Number of protein chains: 2
Amino acid sequence: MAMVSIKDVAARAGVSPGTVSNVLNRPGKVAPATRERVEAAISELGFVRHGSASTLRAGHSRTIGLSVIDIGNPFFTEVAAGVEDVVSELGYAVILGNSAASPEKEDRNLRVLAEHRVRGVLITPSGEDTARLDRLREHGISVVLVDHPAHRPDQCAVAVDDVAGGRAAVAHLLARGARSIAYVTGPLTIRQCVERRTGAEAAMREAGLDPEGLRVVRAATMTAKAGEKAAAELVAQGLPEAVFCANDLLALGVLRALLRSGVRVPDDVALMGYDDIDFAAASTVSLSSMRQPTYQLGRIATELLLDECDNPDTHAHQHIMFQPELVARESTQ
Amino acid sequence: MAMVSIKDVAARAGVSPGTVSNVLNRPGKVAPATRERVEAAISELGFVRHGSASTLRAGHSRTIGLSVIDIGNPFFTEVAAGVEDVVSELGYAVILGNSAASPEKEDRNLRVLAEHRVRGVLITPSGEDTARLDRLREHGISVVLVDHPAHRPDQCAVAVDDVAGGRAAVAHLLARGARSIAYVTGPLTIRQCVERRTGAEAAMREAGLDPEGLRVVRAATMTAKAGEKAAAELVAQGLPEAVFCANDLLALGVLRALLRSGVRVPDDVALMGYDDIDFAAASTVSLSSMRQPTYQLGRIATELLLDECDNPDTHAHQHIMFQPELVARESTQ
DNA sequence: ACTCCTTTTGAAAACGTTTTAATCCTCGTC
DNA sequence: GACGAGGATTAAAACGTTTTCAAAAGGAGT
């Protein structure tokens, strides 16, 4: 329990605490000779700066919050990797929050982030309630939306066009000859699920089909397990010619359950996922999917956030929208 | 930029700041009437406690650190889920660090955690250098090892028997009739890789084979991509009858590359992974693997850590060692 | 020797909370 | 009606840093 403070360092180096602080934060402002002396004292004493004291006095922390919907989903893991890579050299800490698509958990996480006075928050909101995000901003905490379009102009957001993605996915299935299509979705509170569906319906309309014909199966969560359950439902009610899943995890679950029931993919049923996670290409029947620039999403969002924090006056808010890319594999051959 | 402080709340409620603090931290100590008044003021003013100030004065934070080797590996994601579930109701924050098996990155992350004066650290160390962990403890930060046996008696650790796992895996391959076996491993700085190999060699010895016969292929990282590369090497140098991978990610990469080269699994080569991540069961040829109580690892480690922090005197350090379980699937049929 | 810069350092206040010790009340008891 | 006991509340000091402002030191020019 060493508890070496800046004062001890100052005493050891024969300078004042203020100078030590300068060495730490504005090394340019202090003469090389003194700086060296201070640095020596720091390492001799094993001093490590008390982040909370620093945050308290300086008024801002070196911490950002990252709130995702499902940390078990490789999509978000890859986003997190992008965030990490940008942030780690800067000595920033990332506080991770997993909302599990529950507004209450998300609330609790945001509250924790607010208490920690994080510099900013990267969030993939799990619902459309923008109020709590606005409340964060009132506390001086910047917010950048990840995989979600902006709520308002004075805000950064990095997203991927989910309507376009849903349309492309279903257009692909239709082009392959499927006429009856099921859409396996997660909770309808999740925007991505809704928009991909909108796109899917648009594709049907464009093909001259009634969008009402899109059979929607709702899964409780966007996991493989939930996908298996959804597939059971499909099997019980009679199979469509093609299934479009809101997510690769759902699709992998659907695939597993279908194969187990003796349904052949893609011969009996074609199958499309979304996100193109690494495992999509490796699955039993390799999975067609919609690829998104996931890692980039994390990187760019973080860069925007940091710019907003560091240059509040010159910062230009940006709404970036990527286009997803169809990757056709065995499951829709 | 509201910046409501405890003083404002106190003024509004007509009490002193000390009383507000009591309402926040020891609600029992304050009369119901005043408490209500204070709570009303809190919500009217939208007060949120300044965590750094609290940490600074109280001497301890409501934050723990989680340092993993690869956040992209579902194994660690599941550990993280276990951690999250324990911690989230307590209002604790989790600072995530990804060491990417690099001691430098791990160092940097630990430094950040030390600066933040986290309550404790959960870590899967990426090497055997215990010095920096001891340094953390000197700063009064508890450390619990995850998926790693204890370095010292006065320390908690939750691990899985990797030697036993390696032995069981290779014994399984031998029982299936394989005589030439390759071991695809990650960096040898990673203990898990080394111990699984030790187990593998033990299994060979027990079967009357020369453990030197175990062909070791080293991959730079424990990812699917690195697995593909390793498989290419195997193919080029002549295939063994069975391949044991230190990790499911490696195994999935090996599998993908083998199939692409026209090698049949398990007919030409049997394949075993390790970790039994969700995707192992879903892959092209479902993957035999060693299952570990991953989620439990995270949960229990966190509980131990919190107990150590909250009851430093009554706390009994524990070294928990789980046994892995073999899951046989198609890849070793 | 003096002034006038520039560069470097130091003293002290402030950040928002927790906590200790002290004060103030309210009651019950004698 | 005085006295204490005991609970509720408060005032004030601390936690370790950053930052502002002023002062000191050093150098150059007269």
Side-chain angles (χ1 to χ4, degrees), chain A residues 1-39 41-42 45-63 91 114-119 139-141, chain B residues 1-39 41-42 45-63 91 114-119 139-141:
Chain A
M1 196 72 113
M3 278 301 105
V4 189
S5 89
I6 221 175
K7 273 186 195 168
D8 305 315
V9 175
R12 171 87 165 219
V15 299
S16 80
T19 303
V20 178
S21 175
N22 278 333
V23 171
L24 255 30
N25 302 303
R26 296 183 278 298
K29 292 278 170 229
V30 37
T34 12
R35 180 172 52 209
E36 272 170 31
R37 209 144 29 91
V38 171
E39 277 163 353
I42 286 180
L45 265 43
F47 165 78
V48 347
R49 166 225 256 109
H50 196 305
S52 296
S54 163
T55 295
L56 173 57
R57 173 61 234 227
H60 56 86
S61 69
R62 306 183 124 270
T63 307
E115 285 202 359
H116 277 261
R117 295 295 194 272
V118 293
R119 199 77 194 280
H139 279 281
I141 298 177
Chain B
M1 197 74 110
M3 278 301 106
V4 187
S5 90
I6 221 175
K7 274 186 195 168
D8 305 315
V9 174
R12 171 87 164 219
V15 298
S16 80
T19 300
V20 178
S21 174
N22 279 333
V23 170
L24 255 29
N25 302 302
R26 294 183 280 297
K29 293 278 170 229
V30 37
T34 10
R35 180 172 54 211
E36 272 169 31
R37 208 142 32 90
V38 171
E39 277 163 353
I42 287 180
L45 264 45
F47 165 78
V48 348
R49 161 226 260 110
H50 195 307
S52 296
S54 163
T55 295
L56 173 57
R57 172 61 234 226
H60 56 85
S61 69
R62 307 185 122 268
T63 306
E115 285 200 1
H116 276 262
R117 295 295 193 272
V118 293
R119 199 76 192 281
H139 280 280
I141 298 178

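Worth saying up front: this structure is predicted, and the values here are computed from it rather than measured. First the proteins, then the strands, lettered A, B, ... as listed; each starts at 1. All heavy atoms count here, side chains included; hydrogens, waters and symmetry mates do not.
Distance, I6(A) CD1 to dA11(C) P: 14 Å, rounded to whole Å. The distance from atom CG of L56(A) to atom P of dA13(C) is 17 Å, rounded to the nearest whole Å. Whole-Å rounding puts the R37(A) CZ to dT8(C) P distance at 13 Å.
Listed by first and then second residue, the salt bridge (charged side-chain N to carboxylate O under 4.0 Å, His left out) pairs involving residues 22-36 of chain B amount to none (not counting sequence neighbours). For residues 7-23 of chain A, the set of pairs meeting the salt bridge (charged side-chain N to carboxylate O under 4.0 Å, His left out) definition, not counting sequence neighbours, comprises R12(A)-E44(A).
Within residues 16-27 of chain B, the residues approaching DNA chain C are G18(B), S21(B), N25(B), R26(B), by heavy-atom distance under 4.0 Å.
Comparing the local axis fitted to the first five base pairs of the helix from dA1(C)-dT30(D) to dC30(C)-dG1(D) with the one fitted to its last five gives a bend of 60°, rounded to 10°.
The footprint of chain A on DNA chain D, defined by a heavy-atom cutoff below 4.0 Å, extends from dG16(D) to dT19(D).
For R49(B), the salt bridge (Lys or Arg N to Asp or Glu O under 4.0 Å) criterion is met by E115(A), not counting sequence neighbours. Residues passing the salt bridge (Lys or Arg N to Asp or Glu O under 4.0 Å) test with R119(B) are D310(B), sequence neighbours excluded. Among residues two or more places apart in sequence or in another chain, the side-chain hydrogen bond (donor to acceptor under 3.5 Å, both in side chains) test is passed with T63(B) by H116(A). Listed by chain and residue number, nothing satisfies the salt bridge (Lys or Arg N to Asp or Glu O under 4.0 Å) test with R57(A) (two or more places apart in sequence, or in another chain). For S21(A), the side-chain hydrogen bond (donor to acceptor under 3.5 Å, both in side chains) partners two or more places apart in sequence, or in a different chain, are N25(A).
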Tabulate atom names and distances for all N/O pairs under 3.5 angstrom spanning the protein and nucleotides 26-28 of chain C.
none

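The side-chain contact (heavy atoms from CB on, under 4.5 Å) with V15(B) is formed by just one residue from the set V30(B), V38(B), V9(B); it is V38(B).
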